[in-house]
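Here's the structure we're looking at; comments come further down.
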Amino acid sequence: MGEVRLRFAPSPTGYLHLGGARTALYNWLWARSQGGKFVVRVEDTDQERSTAESTRVVLESMHWLGLDWDEGPEYRADDGRTLGGGDCGPYYQMERLGIYAQYAERLIRAGQAYRCYATKEEIAAEREAHQASGSKAGFRFESPWRDKHGEPDRPHVVRMKAPREGKTGWLDRVRGRIDVPNETLQDVILLRSDGVPLYNFGVVVDDLTMGITLVARGDDHIVNTPIQILLYEALGEAAPEYAHLSMILGPDGQKLSKRHAAVGVLDYREHGYLPDGVVNYLARLGWSHGDQEIFTRGELIEKFSWDHVGKTGARYDAKKFLHVQGQHLRMLPNADIAMHSKPFLEGKGVQVDANDVRLVDAIEHVKTRACTLDEIANDVEYFFKEITEYEAKGRRKFLTPERAPYLEKLSQLVDGVASFEAGALEAAVLAWLEADGLAMKDVAQPARVALTGRTRSPGLYDVMVLLGKDEVLKRLKDGADVARTPVEDAVSGADAGAPGA
RNA sequence: GGCCCCAUCGUCUAGCGGUCAGGACACCGGCCUCUCACGCCGGUAACACGGGUUCAAGUCCCGUUGGGGUCACCA
């Protein structure tokens, strides 16, 4: 017996944020490492806030991250592959209402739950009275219907009959023993008056009927766990194991939100992050494996374990995230990077075939200074696009009248070099510098600005080879022309001249 | 306020009674160098506080303080 079954149960009320993604990831990792199953269930019982659009975004996010589910809602990916389905469906809670009704009835018959006819107004009145009394204890609604029956057809909710003595606890996979006094528990509502289950009941019925063996979720659910365990007991069923994960915090230690960073998983896709990098960063945020920082997906599956999941809330660190991205980017073959950066190039108006050797070669030279696909596209842009604007600082500092002759001389050398390749170009330039008593830096920066429009780029000779002789000659000439033209707008000073303008 | 959770460099963390408290990001130097990176070398930087237990405590226990979660016909 004992197939390990994990689940991720998002409520489709927004996008999938980093915290949710990490929860999903840990569940997925454990399922994969144990050869178990990973199931996704959509908790859409909040009809006010749940949307189909949100469901789609959440599933798309998970698919992008590579967190494929064995059972769950159906999802057709771009590649035509279909995820989802399974024997424990439906996987949308709103399609399982009949099941909840059945289980509620079972609890009522067993005397573990009861129909409560108290109205919202009555409850609100009690709450106010409680607050007015100045009592220090938290408010707990004591239903008058706990031990009496009413007419089943009158509007009512179904409440759990929680024990008033003793304690309920469990051995948490990340936090160890947790016990809670039962007298602090409420007779929580299981089914609303419209028959839709509330969180605690839906979760228990679904986890039970879906055969979930370990529930890993955010630690804001610690408070719900005793209630759920009690529900399993009331049903005479065994509760799953639990693992409660701490939250992801913003840099200021507060709950992570939009004002700290992009929090939607898909935002990172848009910014050119790689799924493996996101997965690595998220995995490592709150979990560790000795001194190792960079993990492939396979290593994560192999090495993940609950005993090394931390108990502290982890702060989001954008710089470290970027660093991890960069590491993963550099692990990729150039051809793959080329393929993945295609959309980002297009976004910049650059049309180039992903198999173009010039693109692949260019990537080889820029990838040490890029962390994301978007940065790759940016760093490679000027190889495929005419320079329409020089970086202001570079233009002002290096494209000056006194540098113009250098650019022209360099142009002649390039034109005259026997074979147009890095070694020969370097030899020619070095000989010239030697003869004229010039330093490399006198020439290199003006040339760089002329060739790339920027002050930072790969090595000069590499840039030239990538550009090709004709283009180099053209850009050098344009650069020299611009250099002879004084910077026009001294007031704004920020505008750089365009070549030939 | 009740209940619950948490506490090592600025940040993520290693540590599971005996360590010069280690690594990574960030930061600061240096090397490399045509710029920016990458890479390499080096540096600054932490056990919240107070009591115990023990020959020995970052590690175990208690308390304090400080964070956080939760107290819905939301999830």
Side-chain angles (χ1 to χ4, degrees), chain A residues 9-13 43-46 48-50 93 116 118-120 123-124 127 134-141 155-159 172 175 178-181 183-186 188-194 196-200 202-203 217-226 244 246-247 249 251 253-255 281 284-294 307-308 310-324 326 330 365-371 379 394 398 426 429 433 439-449 452 454-461 463:
Chain A
S11 57
T13 54
E43 308 212 326
D44 55 354
T45 55
D46 184 346
E48 300 276 297
R49 298 193 299 149
S50 297
Q93 288 191 319
C116 172
T119 63
K120 289 179 191 175
I123 297 170
R127 180 178 290 116
S135 163
K136 290 189 170 184
F139 173 70
R140 252 184 42 179
F141 178 65
H156 63 274
V157 300
V158 176
R159 282 184 189 272
D172 198 272
R175 281 160 206 272
I178 298 178
D179 284 291
V180 177
E183 73 247 26
T184 64
L185 269 24
Q186 316 224 12
V188 297
I189 295 177
L190 270 21
L191 285 186
R192 288 186 261 233
S193 42
D194 61 2
V196 176
L198 244 37
Y199 174 72
N200 280 303
V203 164
R217 76 229 303 193
D219 66 2
D220 48 334
H221 286 300
I222 287 181
V223 73
N224 291 315
T225 307
H244 285 94
S246 49
M247 330 198 29
L249 277 17
Q254 298 299 108
K255 205 167 180 173
Y281 178 69
R284 192 59 189 61
L285 194 63
W287 168 82
S288 64
H289 184 77
D291 284 343
Q292 189 171 352
E293 298 283 348
I294 303 302
D307 15 301
H308 285 94
K311 302 182 182 72
T312 35
R315 299 185 193 206
Y316 175 84
D317 183 340
K319 286 190 174 157
K320 183 150 189 176
F321 196 172
L322 257 185
H323 172 262
V324 172
R330 283 161 219 151
H365 289 98
V366 303
K367 71 175 174 182
T368 58
R369 58 210 98 203
C371 289
D379 288 352
F398 300 111
E426 180 171 23
V429 171
L433 295 178
M440 185 64 191
K441 63 181 178 206
D442 296 329
V443 174
Q445 280 304 80
R448 171 167 287 108
V449 176
T452 69
R454 312 176 184 195
T455 53
R456 356 179 340 180
S457 82
L460 211 50
Y461 310 114
V463 169

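Residue numbers begin at 1 in each chain, while the letters A, B, ... track the order of the sequences. Quick caveat, the model's predicted, so the values are computed rather than measured.
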Under 4.0 Å, counting only non-hydrogen atoms across every strand here, what does A/Ser457 touch: a base, just sugar-phosphate, or nothing?
base

Rounded to the Å, how far apart are A/Gln186 CD and B/A72 P?
6 Å

Tell me the interatomic distance from A/Asn224, atom CG, to B/C74, atom C1', rounded to whole angstroms.
11 Å

Would you indicate which nucleotide in B/C73, B/A7, B/C3 comes nearest to any side-chain atom of A/Lys120?
B/C73

Donor-acceptor under 3.5 Å (A/Arg315 side chain, A/Pro251 main chain):
yes

Please report the distance separating the C1' of B/U70 from the corresponding atom of B/C20, rounded so that it comes out in whole Å.
44 Å

A/His308 NE2 to B/G22 C1': how many Å, rounded?
14 Å

Measure from the side-chain heavy atoms of A/Glu293 and tell me the nearest of B/G15, B/A24, B/C34.
B/A24

Over all strands shown, is A/Arg49 touching base, sugar-phosphate only, or nothing at heavy-atom distances under 4.0 angstrom?
base

Considering only the P atoms, how many Å lie between B/G10 and B/A46, rounded to the nearest integer?
7 Å

Candidate pair A/Ile178 and A/Thr225, rule side-chain contact (heavy atoms from CB on, under 4.5 Å), full reasoning
CA-CA 10 Å; A/Ile178 298 178; A/Thr225 307; over 6 Å; no

Any base atoms under 4.0 Å from A/Ala318, or only sugar-phosphate, or nothing? Heavy atoms, all strands.
nothing

Whole angstrom value for the distance that separates P of B/C73 from CG of A/Asn200
12 Å

Quick one: does any side-chain atom of A/Arg330 pair with a main-chain N or O of A/Lys367 as donor and acceptor, under 3.5 Å?
yes

Under 3.5 Å, which protein N or O atoms sit close to an N or O of nucleotides 38-42 of chain B? Give each pair with its distance.
none

How far does the P atom of B/U64 sit from the matching atom of B/C4, given to the nearest Å?
13 Å

Could you check which nucleotide pairs with B/C49 in any of the strands shown, counting Watson-Crick or G-U wobble with both distances under 3.5 Å?
B/G63

Would you kindly give the CG-to-P distance between A/Leu185 and B/U70, to the nearest whole Å?
16 Å

What are the atom names and distances for every N/O pair under 3.5 Å that joins the protein to nucleotides 57-66 of chain B?
none

Close side-chain approach of A/Val429 to A/Met440, heavy-atom, < 4.5 Å:
yes

Proximal nucleotide (of B/G23, B/U13, B/G10) relative to the A/Asp317 side chain
B/G10

Are the side chains of A/Tyr199 and A/Ser11 in contact, using a 4.5 Å heavy-atom criterion?
no

With a non-hydrogen cut-off below 4.0 angstrom, is A/Arg159 in contact with a base, only sugar-phosphate, or nothing?
nothing

Closest of B/G69, B/C5, B/A26 to the A/Ile222 side chain is B/C5

Watson-Crick/G-U partner (both atom distances under 3.5 Å) of B/U70
B/G2

Testing B/C12, B/U35, B/A75 for proximity to the side chain of A/Arg448, the answer is B/U35

Is A/Val157 touching bases, backbone alone, or none of the nucleic acid, heavy atoms closer than 4.0 Å?
base

Given B/U13, B/G69, B/C73, the nucleotide with the shortest approach to the side chain of A/Lys255
B/G69

Looking at the base of B/A24, is there any donor atom on it, or on the side chain of A/Lys320, that sits under 3.5 Å from an acceptor on the other one?
yes

Between A/Thr312 and A/Ser246, is there a side-chain heavy-atom distance shorter than 4.5 Å?
no

Please report the distance, rounded to the nearest Å, between CZ in A/Arg217 and C1' in B/C5.
14 Å

When the C1' atoms of B/G22 and B/U35 are considered, how many whole Å apart are they?
36 Å

Closest-nucleotide ordering on RNA chain B, the 5'-leading residue of A/Met247 and A/Gly313:
A/Gly313

When rounded to the nearest Å, what value does the distance between P atoms of B/A26 and B/U11 take?
16 Å

Using only modelled atom types and a 3.5 angstrom limit, is any donor from either the side chain of A/Ser246 or the base of B/C6 paired with an acceptor on the other?
no

First encountered from the 5' end of RNA chain B, between A/Ile189 and A/Pro181
A/Pro181

Counting any heavy atom closer than 4.0 Å, what does A/Thr45 reach on the DNA or RNA strands: base, sugar-phosphate only, or nothing?
sugar-phosphate

Once you apply a heavy-atom cut-off of 4.0 Å, does A/Gly459 come out as touching a base, just sugar-phosphate, or nothing?
base

Using the C1' atom as the point on both nucleotides, what is the distance between B/A75 and B/A56, in whole Å?
49 Å

Short side-chain to backbone donor-acceptor contact, A/Asn224 and A/Asn200, under 3.5 Å:
no

Of the options B/A75, B/C34, B/C6, whose atoms approach the side-chain atoms of A/Asp46 most closely?
B/A75

Taking any strand in view, what nucleotide pairs with B/C31 in a Watson-Crick or G-U wobble way, both distances under 3.5 Å?
B/G39

How are the rings of A/Tyr281 and A/Phe321 set relative to one another: parallel (under 30°), tilted (30 to 60°) or perpendicular (over 60°)?
parallel

Answer with yes or no whether A/Asp219 presents, from its side chain, a donor or acceptor under 3.5 Å of a partner atom in the base of B/G69.
no

Categorize A/Tyr281 for me: base, sugar-phosphate, or nothing, with a 4.0 angstrom heavy-atom threshold over every strand shown.
nothing

What distance, rounded to whole Å, do you find between the two C1' atoms, one in B/A21 and one in B/C47?
8 Å

Side chain to side chain donor-acceptor pair (under 3.5 Å) partner of A/Arg284, the single match among A/Gln292, A/Glu293, A/His289:
A/Glu293

Out of B/U35, B/G69, B/A7, minimum distance to the side chain of A/Gln445 belongs to B/U35

Here the distance between atom P of B/C6 and atom CZ of A/Arg175, to the nearest Å, is 6 Å

To the side chain of A/Lys441, which of B/C34, B/G23, B/A75 is closest?
B/C34

Could you check how far CG of A/Leu249 sits from P of B/G68, rounded to whole Å?
9 Å

Side-chain contact check for A/Leu198: nearest option of B/C4, B/A75, B/U13 is B/A75

With rounding to the closest Å, how many angstrom separate the P atoms on B/C28 and B/U33?
23 Å

